[in-house]
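Take a look at the structure below.
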There are 2 protein chains.
Amino acid sequence: MKTNCENCPLRQLDLFEDMSKDELQFMSRFKTGEFIAQPGTEILAEGASSSQLYTVLDGMGMRYKTLEDGSRQVVGFILPGDFIGLQSGVMGEMKHTVEAATRMTLCVFNRSELWDLFKYQPRRAFDLTHVAATEEFLLGEMLAAVGQMNAMTKIAWVLNRFYKRLTALGLNENDQVPLPYRQQDIADAMGLSLVHTNKTLAKLRSQGVVTWSSEMLTVHRPNALAELGLSAGVPAIRRPLI
Amino acid sequence: MKTNCENCPLRQLDLFEDMSKDELQFMSRFKTGEFIAQPGTEILAEGASSSQLYTVLDGMGMRYKTLEDGSRQVVGFILPGDFIGLQSGVMGEMKHTVEAATRMTLCVFNRSELWDLFKYQPRRAFDLTHVAATEEFLLGEMLAAVGQMNAMTKIAWVLNRFYKRLTALGLNENDQVPLPYRQQDIADAMGLSLVHTNKTLAKLRSQGVVTWSSEMLTVHRPNALAELGLSAGVPAIRRPLI
DNA sequence: CGAAAAGTTGAAACCAATCAAATAGGGTGG
DNA sequence: CCACCCTATTTGATTGGTTTCAACTTTTCG
């Protein structure tokens, strides 16, 4: 069942930068196999030093940190094309946990070969750094949202972000995108209580902006959502695929 | 006035990883000069594509993003040894503004030579990725603090972080470290109002935990501060210097 | 079909924001 | 060297957004 990098469906998307024939060959060698993660499974644990790195081929998940007092902060939602394990790869251990929200298909790489990538594929190494910088950028955006916005703006912001990212991945059908998370996940991501998150979602629904049920998000008024989320003029970021 | 990398004072610190003779030579060539930034100066602007990258030799600054509604989120405080401009270097433009809080001395590199670094110094390229991953880690920590903690914990957390980082840089003298920021900066970093930040600082003062005045932070009860900031067992992270 | 998980709703309490105003500090020009 | 101005800090009173508590409904899954 190992898909070849040559016909990886993700590569075709405009969202991701192109890859040369040479790079493609290297990546095919770099890839050691595929891994299926079941919903709710921990893929990488905070503090763990994994010998594997992954690129998401299919499915969704999330990254989160657990604080000393037990509370949870979701630091990112993982979608197809995302790279997992960079921290473990370069810093020795993961600084957050990665968990599957749905069934996920992962492209597996060996950490031990990461060094070869830097040695023999400087272009790919550069791309890896690009991915790291993109992660930093996304986290910065999220920090700004969590730190400065009120509840309504936060929720609109995160839903709009999902809508845009999933649309860029070609997962938008009739203004509907898959959103297989729980309200608690959104609450923990945006620094809100579950109850208030729920009430804010209800408000968006009653205003006819979005509907979110049975793991599908329907956006009825995309412009209203973007404006509520203070993301009117925010362009999608093109990035490399690892 | 160009200091040689060979006798760069930062390299001696335990905080930073060692560098080989070869790497050191490369860095000396990579470095094109030094730059002095005056307090309050913008070093890099959000959205700008800089042709220069920097490593901080001396002084302090901060990174911040400005939202569409005008509010400001401080996404990081910049201390000696920090690398500036990575996003611009690999993604083409900065995603946040960098501003000097004090007079700063910066080591200047040309972005155009960054590619040589990846091509001929894979070890240094790896270190650069390490730096990017460290940034991501620090942002994640901050996000967790801003998203999950209450005001007292947030303030204690950020002060403790300053105390630890500055101590690792050898800037601790008798439990005193320099802290040349305004209360507004701390407020914008932790997602609190200026007034509430001030009141929380007053509480910490009256409890005899810390004193912060005239740009100096004095920590009277380090353990109490760490516990209040939920950072009792958090180790310092060793990282490469660029 | 029953139990557990997720979502929904209302009421009360509270933490933090906002408003308002005074005090302290730092720099500059007379 | 002092008066003045502008910025930063401090403090009190009030408002309000969010959390917490509690209970109920719906959905999911074995």
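Every chain is numbered from 1, with letters handed out A, B, ... down the list of sequences.
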| query | Parallel, tilted or perpendicular: which fits the ring planes of Phe83(A) and Phe109(A), with parallel below 30° and perpendicular above 60°? | reply |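 Ring orientation of Phe83(A) relative to Phe109(A): tilted.
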
Give the ring-plane orientation class for Phe35(B) versus Tyr54(B), where under 30° counts as parallel, over 60° as perpendicular and anything between as tilted.
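Ring orientation, 0 to 90° scale: tilted.
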
Tell me whether Glu141(A) is salt-bridged to Arg161(A), with the criterion being a basic N under 4.0 Å from an acidic carboxylate O.
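Counted as a salt bridge, because a side-chain N and a carboxylate O are separated by less than 4.0 Å.
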
Starting at [atom1] of [X] and ending at [atom2] of [N], how long is that distance when rounded to a whole Å?
X: Gln38(B); N: dG27(C); atom1: CD; atom2: C1'; result: 16 Å
X: Met149(B); N: dA16(C); atom1: CE; atom2: C1'; result: 17 Å
X: Gln148(B); N: dT18(D); atom1: CD; atom2: C1'; result: 14 Å
X: Tyr181(A); N: dA5(C); atom1: OH; atom2: C1'; result: 19 Å
X: His196(B); N: dA20(C); atom1: NE2; atom2: P; result: 20 Å
X: Leu217(B); N: dT9(D); atom1: CG; atom2: P; result: 14 Å
X: Glu215(A); N: dT27(D); atom1: CD; atom2: P; result: 14 Å
X: Asn150(A); N: dC15(C); atom1: CG; atom2: C1'; result: 16 Å

Closest to the Leu192(B) side chain, choosing from dT9(C), dT18(D), dA16(C):
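Selected nucleotide (nearest to the side chain): dA16(C).
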
Discussion item. Is there a side-chain contact between Gln184(B) and the phosphate of dT9(D), meaning an N or O under 4.0 Å from OP1 or OP2?
Written reply: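 No, outside the criterion.
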
Measuring to OP1 and OP2 of dT10(D), would you say a side-chain N or O of Asn198(B) lies under 4.0 angstrom away?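 The answer is yes; a side-chain N or O of Asn198(B) sits under 4.0 Å from OP1 or OP2.
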
Exercise for review: Determine the contact category for Gly40(A): base if any of its heavy atoms lies under 4.0 Å from a base atom, sugar-phosphate if only primed atoms, P, OP1 or OP2 are that close, otherwise nothing.
Suggested key: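 Touches nothing.
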
inquiry  = Does Leu194(A) reach a base, just sugar-phosphate, or nothing at all? Heavy atoms under 4.0 Å.
reply    =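 Touches nothing.
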
* To do: Mind running salt bridge (charged side-chain N to carboxylate O under 4.0 Å, His left out) on Glu135(B) and Arg63(B) for me, showing each step along the way?
  => CA-CA 12 Å; Glu135(B) 284 293 319; Arg63(B) 310 175 193 265; 3.5 Å; yes

task = Hey, which sits more toward the 5' end of DNA chain C by its nearest nucleotide, Val195(A) or Trp212(A)?
result =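 Per heavy-atom nearest nucleotide, the more 5' residue is Trp212(A).
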
Item to complete: Have a look at Asp188(B) and tell me which of Arg72(B), Lys65(B), Gln73(B) forms a side chain to side chain donor-acceptor pair (under 3.5 Å) with it.
Response: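 With Asp188(B) as partner, Arg72(B), Lys65(B), Gln73(B) yield a single side chain to side chain donor-acceptor pair (under 3.5 Å), made by Arg72(B).
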
| field | Earlier contact from the 5' end, DNA chain D, for Lys199(B) and Gln183(B) | value |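 Here Gln183(B) is the residue nearer the 5' end.
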
